[in-house]
Amino acid sequence: MGRFYRLSKKISEQEASEITREILELPDIQNAEIVDGKVRVETKDNVFVDVMSTVVNIFSRVAGGCELSFVGFAYRD
């Protein structure tokens with residue numbers, strides 16, 4: 001299971017690529033993708049608290065203050 005977060009502003013493809021690369025390098029991340037103004041994050045063992053503070057910082061740094069807000073849960077079929 002993962003979680004969806006809405007981005008506070010539009011980001012460029014270059015920013016999205018850099019953010020995704022950095023997120024996927026985190027040790028507790030299973031998968032992540034940015035699509036249609038949202039990011040879907042899946043963690044190993046559902047460890048979201050620690051992971052998301054780092055993800056929020058990555059978005060803010062790379063995309064000039066972009067913030068995230070929780071949208072909902074992402075379930076696998």
Side-chain angles (χ1 to χ4, degrees):
M1 180 175 63
R3 295 183 181 185
F4 281 106
Y5 297 86
R6 181 174 297 112
L7 282 57
S8 65
K9 67 180 200 171
K10 186 172 176 75
I11 63 173
S12 71
E13 286 188 31
Q14 183 178 357
E15 290 169 329
S17 177
E18 175 64 18
I19 289 167
T20 302
R21 183 189 65 75
E22 288 191 32
I23 292 172
L24 291 173
E25 289 178 353
L26 297 174
D28 290 324
I29 290 290
Q30 183 172 346
N31 196 12
E33 69 177 334
I34 301 171
V35 178
D36 297 329
K38 294 182 208 160
V39 60
R40 181 182 48 78
V41 177
E42 294 179 29
T43 64
K44 299 173 184 170
D45 300 323
N46 289 320
V47 184
F48 282 95
V49 174
D50 296 332
V51 169
M52 287 312 298
S53 64
T54 304
V55 170
V56 165
N57 289 332
I58 292 170
F59 269 91
S60 181
R61 178 176 43 81
V62 174
C66 182
E67 298 176 353
L68 302 179
S69 57
F70 178 74
V71 175
F73 296 99
Y75 299 97
R76 285 191 175 263
D77 294 336

L24 vs N31 side-chain heavy atoms within contact, under 4.5 Å: yes
Show the atom names and distances, to 0.1 Å, of all donor-acceptor pairs under 3.5 Å that link a side chain in residues 53-65 to residues at least two apart or in another chain.
residue : atom : partner : partner atom : Å
S53     : OG   : D50     : O            : 2.9
N57     : ND2  : S53     : O            : 3.2
R61     : NH1  : E22     : OE2          : 3.4
R61     : NH2  : E22     : OE1          : 2.4

Neighbour count above 12 (heavy atom, 6.0 Å) for E25 CD: yes
Note, V41 side chain near I29 side chain (heavy atom, < 4.5 Å): yes
Partner residues of E67 under the side-chain hydrogen bond (donor to acceptor under 3.5 Å, both in side chains) criterion, sequence neighbours left out: none
Set of side chain to side chain contact (heavy atoms under 4.5 Å, CB included) partners for A16, sequence neighbours left out: I11, I34
Spacing of D28 atom CG and M52 atom CE [to the nearest 0.5 Å]: 12.5 Å
Those residues that, when tested against E33, pass salt bridge (charged side-chain N to carboxylate O under 4.0 Å, His left out) (two or more places apart): R40
hydrophobic_cluster_shared for V49 and Y5, side chain cutoff 4.5 Å: no
Beyond-backbone contact of R21 with E18, side-chain heavy atoms, under 4.5 angstrom: yes
Residue pairs, two or more places apart or on separate chains, that pass ring-ring contact (aromatic ring centres under 6.0 Å, His included) and touch residues 16-48: none
Remaining members of hydrophobic cluster (4.5 Å side-chain criterion), F4: V71
In one Ile/Leu/Val/Met/Phe/Trp/Tyr side-chain cluster, 4.5 Å: V35, I23: no
With sequence neighbours excluded, residues passing side-chain hydrogen bond (donor to acceptor under 3.5 Å, both in side chains) with R6: none
Apart from V47 itself, residues in the same hydrophobic cluster as defined by side-chain heavy atoms under 4.5 Å: none
Pairing residues for E13 by the side-chain hydrogen bond (donor to acceptor under 3.5 Å, both in side chains) criterion, not counting sequence neighbours: none
